[in-house]
Amino acid sequence: MYERLVWTLPKACRGPAKSVAGWVLRCFAASLRIPPSAKRRLARALSFRYRKVAEALNAIPEARLKRCVLFLSLRPHTREAKFAEAARLAGWQPLLVHTEKLNFDANKYFQFHAQAGGLLHLLLISWLFPGPLIHLFAPDGAQAYLLCVTKIRPLLLDLNDTCKSHALQSLPRVWEQCERDAIRAADGMTHRDLRVKYLHELYGYPLPRHNLLFMDLLPEVSPRLSEPRRAGEIHVVSVGWVGKGDSSILRTIHALCADGIHVHMYVNPMQRETDPEIEAYWKLQQQSEYFHFEKPVFGEAYWEQLNRYDFGLSVSEPLVFGETPTSLTVDSLRGAGSSRLMDYLLVGLGIIISPGLEFQWFLARRYALVTVPVTREFLKSPRSTLELALQKKAKAVMKNLAAITTRGVARRLGEFYSKVALRG
């Protein structure tokens with residue numbers, strides 16, 4: 001509910017409050033005008049609502065506080081864990097307060113972590129935190145709006161997605177304005193890809209004072225050896241969200257399976273078997289012996305599973321078939337990063353990818369053992385191309401991935417934190 005309130009804040013705050021929602025919105029609007037000292041007093045007065053967090057923040061010794069960074073997460077991903085690992089290597093102590101359930105073991109990365117009751121609690125905790133820097137992780141800029149525009153200390157913003165990327169879905173324009181205001185209010189951004197840069201160049205989006213590209217970082221793991229294959233077999237893996245429309249990769253999978261190539265799919269754990277978005281893929285499994293739905297796996301088992309395959313699949317069919325996207329803008333497809341691609345690179349898979357995914361194409365060409373472009377011509381007879389790519393992959397030397405690992409970026413992240421914390 002709070003997200004909806006925040007998204008509609010600029011328009012809804014006008015006029016009298018005639019409902020509970022209107023009263024809450026007017027309170028939010030009033031918070032924009034509260035001076036920092038009053039915000040801190042209010043946060044302390046209400047700290048009984050988040051006592052565990054308040055006690056942990058108050059217990060931080062003064063000597064350590066200057067190197068503490070508070071991670072606030074509205075929808076946690078493993079990105080926060082990777083940032084925490086890099087921050088610790090750089091001599092910073094990350095603390096985490098989040099609103100939704102974690103999908104990683106926070107004890108491995110954070111000395112303190114806690115789940116808050118919602119956006120309003122995160123807001124008050126951000127005012128209560130006495131340290132030098134806050135790093136906010138949000139699904140998009142609209143949901144980060146309130147935390148950014150009411151901040152009282154330097155704040156870095158990290159967005160998983162942008163509202164503007166979904167402009168073709170007729171989202172309320174106020175969401176985009178909230179996103180613009182959130183970015184403008186932030187002191188800096190860590191960018192997982194080039195989408196905000198494209199929004200800046202194409203649509204006049206603001207950029208904060210400090211900006212740094214931090215792709216989905218690779219964890220530190222031991223080198224992996226591919227499993228031996230039976231002669232003539234090729235195994236391709238697809239990881240993550242799939243569906244209908246712009247998210248469909250059904251035609252690509254049909255073409256691969258029709259040419260005797262095994263395709264293994266691990267869908268997003270949030271997608272259940274009854275999800276209508278993946279109904280067509282279940283039907284394909286019944287029709288083809290070459291298509292395999294795999295059960296979700298996590299942790300070390302995930303990496304072991306990925307290591308069984310020859311190629312990883314990263315495809316945008318609208319770009320392959322020259323179609324106009326219906327839910328995403330073309331610039332968002334061009335500039336988007338991909339955690340699945342980074343996972344493929346880490347275990348040394350060949351990459352089957354749409355060249356129209358320009359940022360991902362650049363990364364694949366730079367770091368993959370072999371890269372295969374998905375075109376309409378390729379899909380007519382993919383097996384011969386993949387057989388040649390397998391031969392090339394067998395002779396290739398593993399690329400040096402150190403620059404995009406958590407250890408490799410630690411020094412840059414530490415310097416970036418220091419610069420933003422000192423200058424704001």
(message) If I compare all heavy atoms of Arg383 with all of Gly260, which pair ends up nearest, and what's the gap?
(response) NH1-O, 3.0 Å
(message) We want to know whether Gln143 and Asp140 form a side-chain donor-acceptor pair, criterion being a heavy-atom distance below 3.5 angstrom.
(response) yes
(request) Ignoring hydrogens and angles, tell me if any N or O in the side chain of Asp310 forms a donor-acceptor pair with the backbone of Val236 under 3.5 Å. (result) no
(message) Would you compute the distance between atom CZ of Arg79 and atom OG of Ser73 and round it to the nearest 0.5 angstrom?
(response) 11.5 Å
(message) Looking at Ser126 and Leu123, would you say the former's side chain and the latter's main chain have a donor-acceptor pair under 3.5 Å?
(response) yes
(message) Among Leu72, Leu102, Leu70, exactly one meets side chain to side chain contact (heavy atoms under 4.5 Å, CB included) together with Leu96. Which residue is that?
(response) Leu102
(request) Given salt bridge (Lys or Arg N to Asp or Glu O under 4.0 Å), test Arg173 with Glu176 step by step and report yes or no. (result) CA-CA 5 Å; Arg173 292 191 63 184; Glu176 180 190 330; 5.4 Å; no
(message) Would you say Asp331 and Tyr203 are linked by a side-chain donor-acceptor pair, where the criterion is simply a distance under 3.5 Å?
(response) yes
(message) Quick one: does any side-chain atom of His254 pair with a main-chain N or O of Leu250 as donor and acceptor, under 3.5 Å?
(response) no
(request) Ignoring hydrogens and angles, tell me if any N or O in the side chain of Arg209 forms a donor-acceptor pair with the backbone of Gly188 under 3.5 Å. (result) no
(request) Please round to the nearest 0.5 Å and tell me the distance separating atom CG of Asn268 and atom CZ of Arg340. (result) 9.5 Å
(message) Taking Lys151 first and then Asp187, would you say they form a salt bridge - that is, a charged N and a carboxylate O separated by under 4.0 Å?
(response) yes
(request) To the nearest 0.5 Å, tell me how far Lys395 NZ sits from Leu390 CG. (result) 12.0 Å
(request) Would you please classify the geometry between the Phe291 ring and the Tyr281 ring as parallel, tilted or perpendicular, with 30° and 60° separating the classes? (result) tilted
(request) Compare every heavy atom of Ala421 with every heavy atom of Trp92, then report the nearest pair and how far apart it is. (result) CH2-CB, 4.3 Å
(request) Please work out which of the three classes, parallel, tilted or perpendicular, describes the rings of His262 and Tyr290, given edges at 30° and 60°. (result) tilted
(message) Can you see whether Phe110 has Arg88 sitting over its ring - NZ or CZ less than 6.0 Å from the centre and within 45° of the normal?
(response) no
(request) Before giving the answer on salt bridge (Lys or Arg N to Asp or Glu O under 4.0 Å), spell out for Lys108 and Asp105 the whole-Å C-alpha distance, their side-chain angles and the decisive distance to 0.1 Å. (result) CA-CA 6 Å; Lys108 292 175 58 178; Asp105 182 4; 6.0 Å; no
(message) Classify the ring geometry of Phe137 against Phe83: parallel below 30°, tilted from 30° to 60°, perpendicular beyond 60°.
(response) perpendicular
(request) Answer whether the closest heavy-atom distance between the side chains of Leu65 and Gln93 falls below 4.5 Å. (result) no
(request) Using salt bridge (charged side-chain N to carboxylate O under 4.0 Å, His left out) as the criterion, list what pairs up with Arg411, not counting sequence neighbours. (result) Glu415
(request) Measure from NZ or CZ of Arg334 to the centre of the six-membered ring of Tyr198, then state whether that distance is under 6.0 Å and the direction lies within 45° of the axis. (result) yes
(message) Looking at every non-hydrogen atom in both residues, tell me the closest pair between Asn103 and Thr78 and how far apart they are.
(response) OD1-N, 3.8 Å
(request) Measure the acute angle between the ring planes of Tyr417 and His135, then classify it against the limits of 30° and 60° as parallel, tilted or perpendicular. (result) perpendicular
(message) Looking at Tyr266, is its backbone amide N or carbonyl O close enough to the side chain of Glu294 to form a donor-acceptor pair, meaning the two atoms are under 3.5 Å apart?
(response) no
(request) Could you pull out all residues at least two apart from Lys101 that satisfy salt bridge (charged side-chain N to carboxylate O under 4.0 Å, His left out)? (result) none
(request) Indicate yes or no for a side-chain donor-acceptor contact from Arg412 to the backbone of Phe214 under 3.5 Å, with no hydrogens or angles considered. (result) no
(request) Provide the closest heavy-atom pair for Tyr344 versus Leu313 in the form atom of the first, atom of the second, distance. (result) OH-O, 3.1 Å
(message) Using modelled atom types and a 3.5 Å cut-off, is there a donor and acceptor pairing between side-chain atoms of Thr405 and backbone atoms of Gly408?
(response) yes
(request) Return yes if some donor-acceptor pair links the side-chain N/O of Gln115 with the main-chain N/O of Thr99 below 3.5 Å, else return no. (result) yes
(message) Quick test of your reading of the model: are Glu323 and Arg251 salt-bridged, counting only N-O distances below 4.0 Å?
(response) yes
(message) Does Glu201 form a salt bridge (Lys or Arg N to Asp or Glu O under 4.0 Å) with Arg195? I'd like the steps, not just the answer.
(response) CA-CA 10 Å; Glu201 295 176 351; Arg195 280 175 295 180; over 6 Å; no
(request) Give a yes or no on this: more than 12 heavy atoms of other residues, nucleotides or ligands lie within 6.0 Å of atom NZ of Lys66. (result) no
(message) Within the 3.5 Å criterion, strictly below it, is a donor on Glu100 or His98 matched to an acceptor on the partner's side chain?
(response) no
(message) Assess, by modelled atom type and distance only, whether the side chains of His191 and Asp158 contain a donor and an acceptor separated by less than 3.5 Å.
(response) no
(message) Donor-acceptor pair, distance only, cut-off 3.5 Å: does the side chain of Glu80 make one with the backbone of His77?
(response) yes
(request) Could you check whether the rings of Phe362 and Phe359 sit parallel, tilted or perpendicular, using 30° and 60° as the cut-offs? (result) parallel
(request) Look at Lys244 together with Glu277 and state whether they make a salt bridge at an N to O cut-off of under 4.0 Å. (result) no
(request) Any chance you could measure Thr190, atom OG1, to Leu217, atom CG, to the nearest 0.5 Å? (result) 9.5 Å
(message) Could you report the tightest heavy-atom contact between Trp127 and Thr150, atom names first, then the distance?
(response) NE1-O, 3.1 Å
(request) Would you confirm whether Asp246, through its side chain, and Pro325, through its main-chain N or O, come within 3.5 Å as a donor-acceptor pair? (result) no
(message) Hydrogens and angles aside, do Tyr205 and Glu179 bring a side-chain donor and acceptor to less than 3.5 Å of each other?
(response) yes
(request) Please report the closest heavy-atom contact between Ala410 and Ala90, naming both atoms and the distance. (result) O-CB, 3.2 Å
